[in-house]
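To start, the structure itself, in structure tokens.
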Amino acid sequence: MSLPAEFHEIAGRVNNWGRWGADDEIGTLNLITDEVVREAAAEVRTGRRVPLALPLRQDGVQTGMIPGRVNPLHVMVQINQELFGPGTVACSDDAVTMGLQAATHWDALTHVSHSGRLYNGRPAGTVTAHGGAEFSGIDKARHIVSRGVLLDVARARGTDRLDGDHAVTPEDLDAAEELAGTRVRAGDIVLVRTGQVQAYLAGDRHGYAFPSPGLSIRTPEWFHARDVAAVANDTLTFEMFPPEREGLWLPVHALHLVEMGMPQGQNWNLEELSTACGETGRYAFLLSATPEPFVGATGSPVAPVAVL
């Protein structure tokens, strides 16, 4: 199924190509200015730190549905080895094999393409088997630290977990923003909670993957209007799965990454954060979420921390 007229109309309204120059490789991360970070630091009131990453483990969220995206395989390559002779200090080392988008991660702007193009109009062919992403690899996102805002859509709708067929709409985001008591502003990183990760935490990997709530094709315009720097949520696919429009796969990915140049994160554990924000009545915080700088990679694991 080719991309429908509705998609192209939205793409035209949210497109950021050339906004930060023809050579730009980081898109909406340009919105995280020094002033934005200074204001984000002012959100820290108690110093309470909330981790948002899922553990990296072999029985992680991947079920084989996405080819090649394997859960972390951790092995010991040396155990208490006296490298410099008997009686010297002994070392233990590890190695890991995993899909870079296997667990809690950011998608780089090169993670998807459409119509033969990547962000800022670059050819999709600039992503190659040996070199990876020539432009806009995840290593270009050198520091992602900003004000985070939790939009707890599940809580705003009076439930602990959205139904699997729920498409999160702009109206849902408005309601969650009202619950948060703060308006999302330029340079913010928005975290959208659906409660879906509860399935994985309860041991149901397949139920976590399918069916899943997620962001509607109508939401990119909401993020664009507020100049959001990045968005992450607590699902495997970010947008609805199966898709909101039959046969239209990953349109929100394409609108965010390709058209807007806005990084997107999946598999974030927002449960403890939801509790903390509910207890304090504060849904804005300092968020540190810099990806591992794999050169040329189209995504990377991240261990985000919210500081309240």
Side-chain angles (χ1 to χ4, degrees), residues 7-41 105-128 131-149 173 183-192 215 217 219-232 238 250-266 286-300 302 304:
F7 173 89
H8 291 290
E9 290 166 3
I10 296 171
R13 293 193 290 268
V14 303
N15 184 276
N16 281 327
W17 295 5
R19 179 176 176 181
W20 295 284
D23 296 330
D24 178 59
E25 298 188 52
I26 63 171
T28 54
L29 294 181
N30 284 289
L31 296 164
I32 305 177
T33 63
D34 292 348
E35 179 61 27
V36 165
V37 177
R38 284 195 297 270
E39 292 178 0
H105 68 274
W106 283 119
D107 287 337
L109 305 187
T110 45
H111 176 55
V112 301
S113 63
H114 80 80
S115 308
R117 293 290 166 179
L118 299 162
Y119 169 66
N120 231 7
R122 292 192 172 91
T126 56
V127 181
T128 63
E134 182 179 349
F135 303 100
S136 295
I138 199 65
D139 54 298
K140 302 299 171 55
R142 296 172 50 234
H143 34 66
I144 301 183
V145 178
S146 190
R147 189 177 86 132
V149 177
L173 299 178
R183 183 170 175 81
V184 172
R185 61 199 190 203
D188 282 353
I189 299 172
V190 172
L191 309 182
V192 180
L215 277 290
I217 193 174
T219 56
E221 291 186 81
W222 194 97
F223 297 119
H224 185 263
R226 285 162 173 76
D227 267 343
V228 169
V231 181
F238 191 86
L250 302 181
V252 181
H253 275 69
L255 291 167
H256 283 181
L257 300 172
V258 180
E259 298 294 333
M260 295 171 64
M262 183 174 71
Q264 188 184 91
Q266 291 105 59
L286 176 66
L287 180 66
S288 176
T290 300
E292 295 295 330
F294 288 99
V295 175
T298 63
S300 174
V302 63

Closest non-hydrogen atom pair between Phe294 and Ser300, with its separation:
CD1-OG, 3.8 Å
How about Arg142: does its CZ atom have over 12 heavy atoms from other parts shown lying under 6.0 Å from it?
no
For Val228 and Val184: C-alpha separation, side-chain torsions, deciding distance, then whether side chain to side chain contact (heavy atoms under 4.5 Å, CB included) applies.
CA-CA 8 Å; Val228 169; Val184 172; 3.6 Å; yes
Ionic contact status for Arg185 with Glu39, cut-off 4.0 Å
yes
As an exercise, state the distance from CG of Leu109 to CE of Met262, rounded to the nearest 0.5 Å.
10.0 Å
Show every donor-acceptor pair shorter than 3.5 Å between a side-chain atom in residues 251-259 and any protein atom, with sequence neighbours excluded, or say none if there are none.
{"from": "His253", "atom 1": "ND1", "to": "Glu239", "atom 2": "OE2", "distance (Å)": "2.6"}
{"from": "His253", "atom 1": "ND1", "to": "Gln264", "atom 2": "OE1", "distance (Å)": "3.3"}
{"from": "His253", "atom 1": "NE2", "to": "Gln264", "atom 2": "OE1", "distance (Å)": "2.9"}
{"from": "His256", "atom 1": "ND1", "to": "Gln264", "atom 2": "NE2", "distance (Å)": "3.0"}
{"from": "Glu259", "atom 1": "OE1", "to": "Asn15", "atom 2": "ND2", "distance (Å)": "2.6"}
{"from": "Glu259", "atom 1": "OE2", "to": "His114", "atom 2": "NE2", "distance (Å)": "2.7"}

Minimum side-chain heavy-atom gap Leu215-Phe223 below 4.5 Å:
yes
When rounded to the nearest 0.5 angstrom, what distance separates CG in Asn30 from CG in Asp24?
4.5 Å
Nearest heavy-atom approach of Glu25 to Glu134 is OE1-O, 4.4 Å
Modelled atom types, side-chain donor and acceptor of Tyr119 and Asn16, under 3.5 Å
no
Identify the two heavy atoms, one from Ile217 and one from Pro220, that lie closest to each other, and give their separation to 0.1 Å.
O-CD, 3.1 Å
Taking all non-hydrogen atoms of both residues, which atom of Gly137 and which atom of Thr110 are closest, and how far apart?
CA-OG1, 4.4 Å
List the steps and the verdict of side chain to side chain contact (heavy atoms under 4.5 Å, CB included) for Ile32 and Val37.
CA-CA 7 Å; Ile32 305 177; Val37 177; 3.7 Å; yes
Which value, rounded to the nearest 0.5 Å, describes the distance between Phe238 atom CZ and Thr219 atom OG1?
6.5 Å
Are any side-chain N or O atoms of Asp139 and backbone N or O atoms of Gly296, one a donor and one an acceptor, separated by less than 3.5 Å?
yes
With no hydrogens and no angle check, is any side-chain donor or acceptor of Asn120 less than 3.5 Å from a backbone partner on Gly27?
no
Donor-acceptor under 3.5 Å (Ser146 side chain, Gly187 main chain):
yes
Do Val36 and Leu31 have side chains that get closer than 4.5 Å, going by heavy atoms?
no
Side-chain touch Leu118/Phe135, heavy atoms, less than 4.5 angstrom
no
Roughly how far apart are Trp20 CH2 and Thr28 OG1, rounded to 0.5 Å?
6.0 Å
How close do Ile144 and Pro291 get, counting heavy atoms only, and between which atoms?
CD1-CD, 3.8 Å
Rounded to the nearest 0.5 Å, what separation is found between the CH2 atom of Trp106 and the NE2 atom of His111?
13.5 Å
How many angstroms lie between CZ in Arg19 and CE in Met260, if you round to the nearest 0.5 Å?
9.0 Å
On a heavy-atom basis, the closest approach of His8 and Ser115 is CE1-OG, 4.3 Å
